[in-house]
Structure formats: structure tokens, C-alpha cells
Amino acid sequence: MNYIKVMKRNLTMKKVVFLFMACCAMAMSLMSCHKDAELTPEQEKTIAVRKLYYERVLGQWYYEEQGETTYYYVAYNFKPKGQLETHEKVAVRKRINGGATATYSDWEVKTDTIIKGKWGLGWKEEYGEMYLSTSEEDGKGHSVVQLHCLEYVNQNELVLKYFGTGNETMLFKRGTSKPSI
């Protein structure tokens with residue numbers, strides 16, 4: 001009788017091992033059939049742009065432009081992991097008529113803000129161009145995203161063209177600067 005019990009126990013154990021191995025084989029076959037989604041051409045180009053330009057863009061950049069009656073300053077601090085800090089200042093003044101030489105009123109600062117947000121790099125297929133995106137958080141849980149055409153970047157210069165401004169480009173210089181006004 002003991003022999004029959006041992007045989008039944010061995011047979012039960014063989015069934016358990018067989019079922020376990022069958023489940024493992026089925027799970028492995030299901031996993032090997034799973035195929036990663038193929039990337040679109042835009043996604044492939046975005047990955048390439050990020051690999052090429054991420055390290056070059058990191059750091060601090062500034063742009064300053066002064067006309068007779070307008071002043072514009074923007075400084076970006078592109079931090080790791082897509083963190084961004086933007087300092088923007090806008091000032092205006094009036095031209096006062098009279099006399100042989102032009103005179104102007106004092107500068108009136110319209111905007112002088114430091115904004116936290118995010119930045120990223122990519123490829124926009126519909127424009128056929130690389131982009132640098134910046135976003136600002138409005139304090140209400142929303143973000144405003146701007147796409148800038150990334151024309152060129154090297155060790156000392158970053159050239160951006162803002163979508164929607166025609167062919168107007170902005171040459172940013174690497175480093176820190178304070179607004180001159």
C-alpha cells in the first residue's frame with residue numbers, strides 16, 4: 001500500500017511540474033510575440049535631434065535687443081531633465097519731438113519676470129525643422145508651450161527662429177548677463 005501511495009504522489013508531483021513548465025513555456029511564447037511599436041519618422045528624427053543637441057543647449061543663454069523706443073531682454077537657463085528658468089524684460093519709451101536732435105522719455109519697464117518651466121528638443125515634420133520648445137507654468141495648473149525653430153547651436157551661439165514671426169531670428173550668446181536697462 002505504501003508503494004501505491006508513493007506512486008500516486010510521484011504522479012501528482014509530475015503533473016504539477018508538467019503544468020508549471022507548460023505555463024512557463026506559454027508565458028515565454030507570448031512575451032516573444034510582443035513587438036514594440038514602430039517609431040514614426042518624426043519620432044526617429046526627434047530622438048536624433050535630442051542626441052545631437054541636448055548637451056550643446058544645456059546651460060545659460062541670453063539675448064538683448066534695443067531700438068530707439070523698445071528694449072527686449074530674454075535669458076534662458078536650460079537645466080538638466082528639461083527644467084527651465086526664463087528671465088524676460090521688456091521696456092518702452094516715447095520719442096519727444098522738438099529740437100534738432102531726438103530726445104526720449106525715460107524707459108518704462110512693462111515686464112520684468114522670472115518664470116519656471118520646462119524645455120525640450122525635437123523634430124516637427126509639418127515644418128520640416130528641428131525645434132526647441134519652452135513652456136511656462138501659469139500658476140493655475142496650465143502650461144503655455146512655445147515652439148522655436150532651432151537653426152543653429154554651438155559652444156557660444158544659439159540661433160532660434162520663433163514660429164509665426166516669419167524669418168526673424170534671434171542670436172543668443174552663452175553665459176550670464178544682466179539687462180542693461
Side-chain angles (χ1 to χ4, degrees), residues 42-181:
E42 185 173 80
Q43 290 169 327
E44 288 176 354
K45 289 176 184 175
T46 291
I47 291 168
V49 166
R50 289 176 181 162
K51 283 181 182 177
L52 283 172
Y53 297 109
Y54 177 83
E55 291 293 326
R56 292 185 198 179
V57 171
L58 275 177
Q60 297 179 323
W61 300 89
Y62 68 93
Y63 172 83
E64 189 172 35
E65 180 180 331
Q66 181 177 339
E68 287 184 7
T69 58
T70 58
Y71 173 79
Y72 180 67
Y73 170 88
V74 64
Y76 291 124
N77 186 0
F78 298 108
K79 298 177 181 183
K81 298 183 181 178
Q83 298 301 308
L84 173 65
E85 189 174 278
T86 303
H87 181 188
E88 189 170 33
K89 186 171 186 177
V90 177
V92 296
R93 67 181 178 177
K94 294 179 183 171
R95 182 181 175 140
I96 302 170
N97 291 334
T101 60
T103 56
Y104 299 93
S105 66
D106 290 336
W107 288 102
E108 179 185 342
V109 175
K110 293 291 187 181
T111 306
D112 190 3
T113 58
I114 296 176
I115 304 162
K116 297 200 183 285
K118 301 208 179 284
W119 71 279
L121 295 170
W123 178 266
K124 195 71 175 161
E125 197 67 40
E126 78 180 86
Y127 300 120
E129 296 184 277
M130 299 180 292
Y131 69 83
L132 184 147
S133 66
T134 58
S135 70
E136 302 171 358
E137 298 161 7
D138 67 359
K140 299 175 186 174
H142 302 99
S143 291
V144 177
V145 178
Q146 289 185 328
L147 290 181
H148 320 287
C149 174
L150 177 60
E151 292 280 316
Y152 174 79
V153 62
N154 68 14
Q155 194 71 2
N156 301 309
E157 297 176 334
L158 170 66
V159 178
L160 297 177
K161 180 172 67 176
Y162 287 73
F163 288 116
T165 61
N167 289 326
E168 186 178 328
T169 59
M170 298 171 74
L171 171 61
F172 287 78
K173 296 178 183 173
R174 183 176 291 279
T176 58
S177 167
K178 299 228 183 281
S180 60
I181 293 179

Near Asp106 CG, under 6.0 Å, is it more than 12 heavy atoms from other residues, nucleotides or ligands? no

Compare every heavy atom of Trp61 with every heavy atom of Arg56, then report the nearest pair and how far apart it is. O-CZ2, 3.6 Å

Closest non-hydrogen contact found for Thr46 with Leu121 is CG2-O, 3.9 Å

State the OH-OG1 distance between Tyr76 and Thr134, to the nearest 0.5 angstrom. 4.5 Å

Locate the shortest heavy-atom distance separating Val145 from Ser133; write the atom from each residue and the value. CG1-CB, 4.3 Å

Considering only heavy atoms from C-beta outward, does the side chain of Phe78 approach that of Leu84 to under 4.5 Å? yes

Backbone of Ser180 reached by a side-chain donor or acceptor of Glu64 within 3.5 Å: yes

Could you give the distance from NZ (Lys124) to CD (Glu129), rounded to the nearest 0.5 Å? 12.0 Å

Give a yes or no answer on whether the side chain of Lys45 reaches the backbone of Glu125 with a donor-acceptor pair at less than 3.5 Å. no

To the nearest 0.5 Å, atom OG1 of Thr103 lies from atom CD1 of Ile96 at 4.5 Å

Strictly distance-based, threshold 3.5 Å: is any side-chain N or O of Ser135 a donor or acceptor partner for the main-chain N or O of Lys118? yes

Would you call the rings of Phe172 and Tyr63 parallel, tilted or perpendicular, taking 30° and 60° as the class edges? tilted

With respect to Lys89, which candidate in Val109, Thr111, Val74 satisfies the side-chain contact (heavy atoms from CB on, under 4.5 Å) definition? Val109

For residues Tyr72 and Met170, report the shortest heavy-atom separation together with the two atoms involved. CE2-CE, 3.5 Å

What is the minimum heavy-atom distance between Gln66 and Trp107, and which atoms define it? NE2-CZ2, 3.5 Å

What orientation do Tyr71 and Tyr73 show, parallel under 30°, tilted 30 to 60°, or perpendicular over 60°? parallel

Just by modelled atom types, is the Glu68 backbone N or O under 3.5 Å from a matching donor or acceptor in the Arg93 side chain? yes

Hey, does the side chain of Glu151 reach the backbone of Val159 with a donor-acceptor pair shorter than 3.5 angstrom? no

Could you walk me through whether Gln83 and Asn77 satisfy the side chain to side chain contact (heavy atoms under 4.5 Å, CB included) test, starting with their C-alpha distance in whole Å, then the side-chain angles of each, then the deciding distance to 0.1 Å, before giving a yes or no? CA-CA 8 Å; Gln83 298 301 308; Asn77 186 0; over 6 Å; no

How long is the straight-line distance from CD1 of Ile115 back to CD of Glu85, given to the nearest 0.5 Å? 10.0 Å

Quick one: OG1 on Thr113 to CD on Glu136, what's the gap to the nearest 0.5 Å? 7.0 Å

State, to 0.1 Å, how close Trp119 and Lys79 come at their nearest heavy-atom pair, and which atoms those are. NE1-O, 2.8 Å

How long is the straight-line distance from CD of Glu157 back to NZ of Lys173, given to the nearest 0.5 Å? 8.5 Å

Donor-acceptor contact present, side-chain Trp123 to main-chain Glu44, <3.5 Å: no

Run the numbers on Leu150 and Leu158 for side chain to side chain contact (heavy atoms under 4.5 Å, CB included), then give the verdict. CA-CA 8 Å; Leu150 177 60; Leu158 170 66; 3.5 Å; yes

